[in-house]
Number of protein chains: 2
Amino acid sequence: MNTILDVASQAGVSAMTVSRYFNQPDMLAPATHRKVRAAIEKLKYVPNAAARSLVNGCTNAIALILSDITNSFYTTVARGVEDRAQQHGYALILGNSDESLEKERRYLDVLISRRVDGVLISSAPGNDHHLDMLHHHGIPVVLIDRTVEEIDTDAVWGDTFTGALHLTGHLVEQGFRDIVLVGGWPGVSSLEERQAGYLRAMKEASLVPHVYPGRTSRQSGEEITEQLFEKNLLPQAIIAANNHVAVGVLVSLRRHGLRVPEDMAVACFDDIEIAAQINPFLTVVAQPAYEMGSLAMDLLLERMQGFDGPSRHCALPTKMIVRCSSLAPGA
Amino acid sequence: MNTILDVASQAGVSAMTVSRYFNQPDMLAPATHRKVRAAIEKLKYVPNAAARSLVNGCTNAIALILSDITNSFYTTVARGVEDRAQQHGYALILGNSDESLEKERRYLDVLISRRVDGVLISSAPGNDHHLDMLHHHGIPVVLIDRTVEEIDTDAVWGDTFTGALHLTGHLVEQGFRDIVLVGGWPGVSSLEERQAGYLRAMKEASLVPHVYPGRTSRQSGEEITEQLFEKNLLPQAIIAANNHVAVGVLVSLRRHGLRVPEDMAVACFDDIEIAAQINPFLTVVAQPAYEMGSLAMDLLLERMQGFDGPSRHCALPTKMIVRCSSLAPGA
DNA sequence: CTGAAAGCGCTAACAT
DNA sequence: ATGTTAGCGCTTTCAG
């Protein structure tokens, strides 16, 4: 592997001149520039980023930690982040934490070791103060989708509280009275907000709320719905805490031969765009996932460029998309 | 930011002893071990990976370049890669190339500069010989999903040729005679294979094939289908080159009021699992995406560990999943 | 078992 | 406009 010295001697100049070719090209005499250029091409030289970051203290790398890239919501967030990162010359390191604080902590350790310039994270429930480590090492952080108790830093999330208000209101309008919330996990701020919005709306409609907490997985949605069947607690409408939970609910309902929305109304948070394109069926509160990613990256960029103001909190507006699954049987 | 020297002086030992604490802990006397440990914790010291890689020549980072993480097929591939990478202590750098050779080339440059230990790539159509750069710099590469002409290296892909044979055969069995292939992009090996399988099956059935090439996007599928309407070339069955194309086809058909499969049969390559769970509708040839990712990572790991044998080519079996969209009207 | 010296590849700061 | 020196934080090598 060629080094800057190889290029220097090949071009008959000093290492500094080669370094300047990359960093301050205007400083070189045209003839020198050409000589260096020729040497670089001949040797196919590419500067070593590790050596560079060792001296200038930044790595031009950022990291995105989320629970599971496989959830289309996070996929889109990731795309928003990556596009912006790429535009600004940052490499993106990706990590799936699977809602495990333990895994998340291990990742953060690696990221600190790599001295990434910034971190975007949708943190697992609970607060270990493991995020403090980033702060201690001077690595800026932007929270995505979820805030974390006691952690005051930049954050971007979807205003699902309002979304929950609208969604619950919509179901009430459709004439449903027994509306339940499935999934929703204590400690995850975004889910707690959905729950709060649901509770508020139910109260305002003078209806009795029922929350069945669980993980945000398809499996969890399925299990909870199965239990509703077992315990004979089937409501008129189910709000799923996220898209995957909704899928589990639908799978369970289908297994029992219930039709949606004829026999049961269903709606959820987070759109599943591709499914909606194939068949506009599921009513959802959609979040602007791509914008969430790119905005979070923008906030991070500002921090990495030295912005030192108070932390910023951006609640992005959500959008309720009414499709078939939530309509009143008679509609 | 504390360095190894800070820890050393804090612990009253030399830097080498601290280094050994991390790299050859058994070599330290128990008492020394404890002293170092205390110093590290007190200072919250985390070794600098850049400095380390500068001397030992490896970064413990690998990269995954694919066209668009937003396609659920690639998302799942990425998850397979990341899980395996994580298990082996490698950080994963992610890049979306959007089928642009230019963007891909820029990424590779960055990766070479970062001296990643290996690259997994689903390369854009065309061969710039830009992949040669990786080889020149001694960075092992594993191709995912697509092979590249003239590039002889490890590769993992889905056997969609056989998949196309089966899928076309299935449609023929259902009684369709006018079956067309929509999408499929010259230069993308995986799509060429699908086309080859389709052509072979049509020939064997003594049917006349029709291929309408295009990009592998929803938009492309939509446009091509619109043209079929305009030119009055509507067939009895449409095979879409991938999942996104299929979505475009379905959108277009719906716009024109055609029902699937009553008025038109549709099938495609690559499953859309979440949509299938909501409503098992679309007949597909599914590829083992997660395994593709983890297997590719395994091959890469072997290379990074020094394996120097001839290049390995793994064609993973695909699975046809017959759902409603491809059934004969009378069925 | 522990330490000192040298160097990985690059650039900031100071010459010339 | 270009070169020299020193050092970024760590580990390899060789001594002790």
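To find a chain, count down the sequence lines: A is the first, B the second, and so on, and within it residues start at 1.
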Using a cutoff of under 3.5 Å, can you pull out all pairs of nitrogen or oxygen atoms linking the protein to nucleotides 1-5 of chain C, with atom names and distances?
| residue | atom | partner | partner atom | Å |
| --- | --- | --- | --- | --- |
| C:dT2 | OP1 | B:T32 | OG1 | 2.1 |
| C:dT2 | OP2 | B:A29 | N | 2.9 |
| C:dG3 | OP2 | B:S14 | N | 3.0 |
| C:dG3 | OP2 | B:S14 | OG | 3.1 |
| C:dG3 | OP2 | B:T17 | OG1 | 2.4 |
| C:dG3 | N7 | B:R20 | NH1 | 3.2 |
| C:dG3 | O6 | B:R20 | NH2 | 2.4 |

Side chains of [Y] and [X]: any donor to acceptor distance under 3.5 Å?
X: B:H129; Y: B:D132; result: yes
X: A:S189; Y: A:T147; result: yes
X: B:Y74; Y: B:N96; result: no

(request) Decide yes or no on side-chain hydrogen bond (donor to acceptor under 3.5 Å, both in side chains) for B:S294 and B:D298, but give the supporting numbers first. (result) CA-CA 6 Å; B:S294 60; B:D298 284 342; 5.3 Å; no
(request) Starting from C1' on C:dT11, measure out to CZ on A:F22 and report it in whole angstrom. (result) 13 Å
(request) Specify the separation, in whole Å, of atom CG of A:N56 and atom P of C:dA13. (result) 12 Å
(message) Could you work out, with salt bridge (Lys or Arg N to Asp or Glu O under 4.0 Å) as the rule, every residue matching B:E302, not counting sequence neighbours?
(response) B:R312
(request) Using a cut-off of 6.0 Å, state whether more than 12 heavy atoms not belonging to A:R37 lie near its atom CZ. (result) no
(request) From the options B:D154, B:D152, B:T153, select the one residue that forms a side chain to side chain donor-acceptor pair (under 3.5 Å) with B:S311. (result) B:D152
(request) Tell me, with the steps shown, if B:E82 and A:K103 meet salt bridge (charged side-chain N to carboxylate O under 4.0 Å, His left out). (result) CA-CA 13 Å; B:E82 210 272 324; A:K103 224 176 150 188; 5.1 Å; no
Might you list the N or O atoms of the protein lying below 3.5 Å from N or O atoms in nucleotides 8-10 of chain C, with each pair's distance?
| residue | atom | partner | partner atom | Å |
| --- | --- | --- | --- | --- |
| C:dG9 | N2 | A:A51 | O | 3.4 |
| C:dC10 | OP1 | A:Y45 | OH | 2.3 |
| C:dC10 | OP1 | A:N48 | N | 3.0 |
| C:dC10 | OP2 | A:I4 | N | 2.3 |
| C:dC10 | OP2 | A:Y45 | OH | 3.3 |

